[in-house]
Structures are given as structure tokens and as C-alpha cells.
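What follows is a single structure, written as C-alpha cells, with notes after it.
Source: prediction; values computed, not measured. Residue numbers start from 1 in every chain, and the chains themselves are labelled A, B, ... in the order their sequence lines are given, proteins ahead of strands.
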2 protein chains.
Amino acid sequence: MRGPTIRDVARRAGVSAATVSRVLNDSPLVLEPTRERVQAAVDELGYRLNATARNLSIGRAMAIGVVVPFFTAPSVIERLRGVVERLGRGEHREYDLMLFDVEGPEQRGGALRDLARRDRVAGLLIMSLPISDAEVAALERDELPAVLVDGTHPRLPRVVIDNVRGGELAAEHLLVRGHRRIGFVGDHPANPYGFTSSEDRRRGFRNALERAGVESDPALDRLGPHGREEAGELAAALLSLPEPPTAIFAASDLQAIGVLRAAELLNVRVPDELAVIGFDDVDLAEIVGLTTIRQPLREGGALAADLLLAAIDRGGSGVPVEEQQALTVVERRTT
Amino acid sequence: MRGPTIRDVARRAGVSAATVSRVLNDSPLVLEPTRERVQAAVDELGYRLNATARNLSIGRAMAIGVVVPFFTAPSVIERLRGVVERLGRGEHREYDLMLFDVEGPEQRGGALRDLARRDRVAGLLIMSLPISDAEVAALERDELPAVLVDGTHPRLPRVVIDNVRGGELAAEHLLVRGHRRIGFVGDHPANPYGFTSSEDRRRGFRNALERAGVESDPALDRLGPHGREEAGELAAALLSLPEPPTAIFAASDLQAIGVLRAAELLNVRVPDELAVIGFDDVDLAEIVGLTTIRQPLREGGALAADLLLAAIDRGGSGVPVEEQQALTVVERRTT
DNA sequence: TTGAAAGCGCTAACAG
DNA sequence: CTGTTAGCGCTTTCAA
């Protein structure tokens, strides 16, 4: 039983399918009595429009796709909240949300190439994934609007933060508190996804310290795979140094939590013996009282959704904007 | 530029569109040389199948829909992980994931009714939402497979836990430790969504206590809107009682975190002066060292996805199974 | 203002 | 094995 079609409604209302279609799409050129008859037939039959057929006919889908790595990460969730918030409201409630999780680096290219077709989604939100010129070209060829979140490409609208500046903020915060020997725990720059934010944060951080006269000690930078436990191990190594750091800057809150845990296991008191500062300000940070560099994740997701929706409506291109989001330090109980 | 169609490929390969379609769908009745010619044409043209057209033609969508309230809740995320894990693998990688967030109770009915159509999704995963007979009937009428997670209905496959038993486990855990005066912090039974798990947990909990000879004191049950801070306030009230409880059972980990925070603010030491036990065992619980009743959220999501995929493949119905998941208590540092 | 007809891109009988 | 022919359900000229 495939449910009533537009023809059934037409027959019942004594009009043509075209007229029903017009009523359904709020076309102004339908006489009021006709509209009413059609509407009545729609109600009686419990008719609802078939989205697939409509999409095929008009040539675009009424869904927006979100491509994310680690759908599991708290920061991703936070951003998704912002996206959902925007999709669920106003005139855009019509767009559905398709989620594409990119768990392995090998899925990365595939997912993008797969999606670069207007028929599945009306636009793409690409989070935290580096994108190549060829991929952008593919999107352009198919006229598929896309916006980048936490990623950058000159030909795509994007919402970003200044990771280098974030590192500086962390450095300043710790310098003011008298720290001179400071460790860093973050992602390995050669990670399979090509993420660079951790490395950018580290650079900003170290440079700011050097400008303040603090010499860099390579032994204090510990890089490894992303993850709470991995970060814990890195921090443990740092704390076991003959001359351990008095503070640690972690490239993300998740990693900072790992650092905190390592300190606890080694009986190092925070913040007295070790200050810890993270990055992101996810929910968790507030819960554990972590001092961190806050980036407006949720707002970023919402903004990106708005940008995408606007690009879809606008159709044509225009110069891609870059929205830079403000970073602030949120002081809590770990520094 | 709408990209090459199946006809373009057909022309180029010197065959009919039907043959191209057969090749695309791995039909066995195509001669190898023909298949190769078609494949070559596909590659040269960079052709990719239009999902919308295919869906319209075969009459079903290649996506599964997930309907969730509070997309924001950690437990929901955890379950989604399980779902994504299953969708991303094996022969089912072909299914996309559509997310339908139900933020307000008023969206509840709408979302479901809207989705009860084969044309947008091939099946539905409904999480934590009570579902009415009428809604089930609508799903059946449209032959739309659906499975319930953390919800129940006799005519739908479902994965559930025994919340009452969970409450009992919490009671047993606290009784063994000598607690007699125990508070409960949970959701109000008359919540707008119709959630009942909190209340079920409370009942199992109180009944177990009574069976052990501990009389119930209504003043020790504090119910309010779901949320960390709300739970904190409820707990604060409990702790300010002339005769405060020595332990608190929270209906969820999120609420337990609120309780912990309240204790901290009131300088009540955990677990010495106050034992706290939560429910769910989300990531957070491990991080803060919360003792809790563990329900396998991720596995539940995965299982539900498998059930749904199976139902979709099977087509017809069969007797809906109920998968009951095991509950265990995970002892950490708050009891 | 409404209807007829063609078509979106693909699949699925049915012949051959 | 492969091609022809009809749709799937909706939109959209083009006429009337």
C-alpha cells in the first residue's frame, strides 16, 4: 500500500494533478474555491507529499549533509547541537539532517566524493576535515554549496578560530601565574586525518613563551594519537621527568582530562603542583572545573548552518566569507 | 550541469539503459564483455548513480531515520555511536543516517507522522520516545519497519532494560554498605515527553528498600525536570534536611553529577558523608569516578540497528522480539 | 486560472 | 543475455 498520490487527490477534488501540485506549493495562481476543494481532498485522503519524487523532479534534495570525523568527540557533538538548533527552526524546518561519520581516514575521500552530488543533499557542512583543491572543484562542478567548520579553503565559506592565537592565550594565562617550565600534550602533526589545529596551538603557545623569554625544551612537547588515555600516558611521562613541568597545556579538553587523571594517579596536586589548561570548553570542562581556552562550538555550528542555508537559498556563489570566532580563557579550578 | 545519466553511459557503451542498470546492480545476467564496456563508460564519464531516482523507482529510500529527543544527552550520543558503528560496516554501508531531533514535546507526534512514509527512510529507530497505538498503526499501514530503543510496544521489536531491576540493584548496593536513609533524585513522572524510566527506577529502588525493612519517607524523593543543575538543586534541598540522607540514588549519571556538585558546594564529603550512585554509565561517569548502574548503551544502539536492518531485509513482519539488556553495577569512587 | 503532456533518472517486466 | 516499454510521484512549460 503505497499511500495516496497526487493523482488520487486530483481525482477526488475534480481537478488536475498540476493544480494539486500548485496548491501544495502555495502557488498564487489558484482560485480560492479550487484551493479549498483540493485541501479538503488532501485532508480526507490523509495525503502527504512524496519527498523523493519531488526531489527528483526539482533536481535537489531537501536535506543537508554533515560530514564529521569522530562523531564521538564531545566537541563535534557540541557543534552539531548548534546545527540542529538552526535546522529545526523557522522556514528551514524543511531540511532534514544526514549524518556522515568518517571514522577512518580511508573513508574520508570516499565520503566526500560520494556526496558531491546534488541529488542526496542540498548542501554540505564539512567539519574538521582538510579538503583538497580537487574536492572543492568537484563540489563546484556539481554546484553543491558547502561550508567548512574548523577547516579552511579559500574558495569555501568557513567558520574558523585562530588556533595560533589560542595557544598564545594559554601561554599568557600560565605566564602571568609565574610558570616557566610548561609541558604541552597534543596530537601528532602527522596524524592520518591531516588535522592541524593541535600543531597550530602548540606553535602559538611556544612562540608566545619564547617571546616572553622562556626557552623551548623539546622534551616538554609530547605528541601522540588523539584520546584521553593517550594524553594521560603522555602527561605521566612528563611528570616523571627529572625536572617536571609546573604546568601543562593540552590541545583539547579531552586530552586535558587525561592529564588531570595522570596527575591524580601520580599524586600530583592540581593546581598547586601542576596547573592544567585545556582547549574547547566542552561540557565536560565545566563539570570537572577545568580551566580552558573557550571556542564557541555550538555557536560555530549554528553559524555554519546559517551560512550554508544562505548559500543554498542564494543559489549562485559570491565571495566566500570567513567567520572568525572569538577565543576567551575560562578560568576554573585547575590553574 | 546535472552530471551524466544512465542514458549517457548507455550511449557511450553502445548498449541500452537497462543493461547499464543491470551492471550497476550487479545483475548476474550480463555477459562479461558487456559488463566491461559499460564499466569503462562509467569510469570515463565519471558517472554515479542518482540515489533519488533509484529510490523513487524501487519505492524505498536507502536511509534509516533515527528519532531522538534531546540529541544533546550523553546517553543518546552513546547509543548513536552504536548505531553508526553498525551502519558503517559490511553490506549495509549503503544506508545513510538521517537524524530527527525532537526538541519539544509538540514536535513528537509531528516528527513521527511525518516520517511514517517509506519514501524518506527505509526504517526508523525510535529512541526513548513513548509511542501510541495509532502511531504504530500508521507505521504498519505504510509497512515501515521500526525498532524501539528504551521504549516499548507489543507490536514493535525493541531493545530495553529492566529499569525496575536497575533500581533494585542500586538499593542493594547501598544497603550492603549500611545505608538506611537514602534520597532519590529523578525526573518528575508527569514530564511532558511521557518518559517513565526514572519513575520505574525509583519504584524498583523504593520497593527493594522496603523489602529490606527500610521505610519510605516521601520527603526523600525529589523529582524535577531532567538536567544536571536541576538535580543539583534537588540534592541541595535533600542535604539541607534536618536529618539528611547518607546516600543518594540519581536516576541518571547526568543527575548524579549534579548531586556531586551540590555536595561539593555544601562541603559534604563523598563518599564519606554522602554516597552517590547514578544510572547509565556514560563516559562522564568514568571520568568523574561515579559509581553507577551500567546499561550497555552503545551495544543497545548497535543491537537496535541490527534488528532494524534485519527487519528491512526480511521485508515482512514476524513476531517482534524484545531484547532485554543486562544491567550491572560499576563501583567507583562515590560509594 | 487550469489542464495536458513531457520529463526528472532509474528499475522492472516482458519480449526477443 | 539484451532491448523496449512503462512507469515511480511530482513539477513545469505550454496552451487553452
Side-chain angles (χ1 to χ4, degrees), chain A residues 1-39 41-42 45-63 94 114 117-122 142-143, chain B residues 1-39 41-42 45-63 94 117-122 142-143 315:
Chain A
M1 174 128 316
R2 267 164 169 291
T5 77
I6 207 171
R7 283 171 193 287
D8 299 325
V9 177
R11 200 168 308 128
R12 174 140 194 154
V15 299
S16 73
T19 299
V20 176
S21 177
R22 291 192 184 100
V23 171
L24 260 22
N25 293 287
D26 295 316
S27 161
L29 16 75
V30 179
L31 239 37
E32 191 49 33
T34 315
R35 171 186 308 285
E36 278 168 16
R37 278 218 315 287
V38 171
Q39 191 55 56
V42 164
L45 262 34
Y47 167 85
R48 264 155 328 146
L49 213 143
N50 179 315
T52 306
R54 174 167 215 273
N55 292 345
L56 178 59
S57 195
I58 64 177
R60 71 151 146 148
M62 290 309 275
E94 53 208 310
D114 233 51
R117 288 324 238 31
R118 302 280 295 291
D119 61 288
R120 297 172 75 189
V121 294
D142 289 330
E143 295 173 34
Chain B
M1 175 128 313
R2 266 165 169 295
T5 78
I6 206 172
R7 284 172 193 288
D8 299 325
V9 176
R11 198 167 310 129
R12 175 142 195 152
V15 298
S16 74
T19 298
V20 176
S21 176
R22 290 191 185 98
V23 172
L24 259 22
N25 293 287
D26 295 314
S27 161
L29 16 75
V30 179
L31 239 38
E32 191 48 34
T34 316
R35 172 187 307 287
E36 278 167 16
R37 278 219 314 289
V38 171
Q39 192 55 57
V42 164
L45 261 35
Y47 167 85
R48 265 153 331 145
L49 213 145
N50 179 316
T52 307
R54 174 165 214 273
N55 291 345
L56 178 60
S57 192
I58 64 177
R60 71 151 146 146
M62 291 309 276
E94 53 209 309
R117 289 325 237 33
R118 300 281 296 291
D119 61 288
R120 297 172 76 188
V121 295
D142 290 329
E143 295 174 36

Please report the interatomic distance CG(A:Leu31) to CD(A:Glu36), rounded to the nearest 0.5 Å.
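So the CG of A:Leu31 and the CD of A:Glu36 are separated by 10.0 Å.
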CG of B:Leu24 to CG of B:Leu49, rounded to nearest 0.5 Å, is 5.0 Å
Whole angstrom value for the distance that separates [atom2] of [N] from [atom1] of [X]:
X: A:Arg11; N: C:dG3; atom1: CZ; atom2: C1'; result: 15 Å
X: A:Asn55; N: C:dG9; atom1: CG; atom2: C1'; result: 13 Å
X: A:Arg7; N: D:dC10; atom1: CZ; atom2: P; result: 9 Å
X: B:Asp8; N: C:dC8; atom1: CG; atom2: P; result: 11 Å
X: A:Leu56; N: C:dA6; atom1: CG; atom2: P; result: 18 Å
X: B:Arg120; N: D:dC10; atom1: CZ; atom2: P; result: 14 Å
X: A:Met62; N: D:dT11; atom1: CE; atom2: C1'; result: 14 Å
X: A:Ile6; N: D:dC8; atom1: CD1; atom2: P; result: 13 Å

(message) Using the salt bridge (charged side-chain N to carboxylate O under 4.0 Å, His left out) criterion, which residues pair with A:Arg35? Sequence neighbours excluded.
(response)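 Once residues adjacent in sequence are excluded, the partners of A:Arg35 under the salt bridge (charged side-chain N to carboxylate O under 4.0 Å, His left out) criterion are A:Glu32.
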Residues 6-16 of chain A side chain polar contacts: donor-acceptor under 3.5 Å, at least two apart:
unit_1, atom_1, unit_2, atom_2, d
A:Asp8, OD2, A:Thr5, N, 2.8
A:Arg12, NE, A:Glu44, OE1, 2.7
A:Arg12, NH2, A:Glu44, OE1, 2.7
A:Ser16, OG, A:Ala18, N, 3.4
A:Ser16, OG, A:Thr19, N, 3.3
A:Ser16, OG, A:Thr19, OG1, 3.4

Of all heavy-atom pairs linking B:Asp142 and A:Arg48, the shortest is OD2-NH2, 4.3 Å
Closest approach to the side chain of A:Thr5, judged atom by atom: which nucleotide of C:dA12, D:dT11, D:dG9 is it?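 The nucleotide sitting nearest to the side chain is D:dG9.
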Against the side chain of B:Ile58, the closest entry in C:dA12, D:dT11, D:dG9 is C:dA12
- Query: Is A:Ser57 side chain donor-acceptor paired with the C:dG7 base, going by distance under 3.5 Å alone?
  - Reply: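 Indeed, a donor on one side and an acceptor on the other fall under 3.5 Å apart.
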**DNA chain C contacts among residues 12-31 of chain B, heavy-atom distance under 4.0 Å** =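 Contacts with DNA chain C under 4.0 Å: B:Ala18, B:Ser21, B:Arg22, B:Asn25.
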Item checked: Side chains of A:Asn25 and A:Arg54, donor plus acceptor under 3.5 Å -> yes
Practice task
Report the C-alpha separation of B:Thr34 and B:Val23 in whole Å, then their side-chain angles, then the decisive distance to 0.1 Å, and conclude whether the side chain to side chain contact (heavy atoms under 4.5 Å, CB included) test is met.
Solution key: CA-CA 9 Å; B:Thr34 316; B:Val23 172; 5.7 Å; no
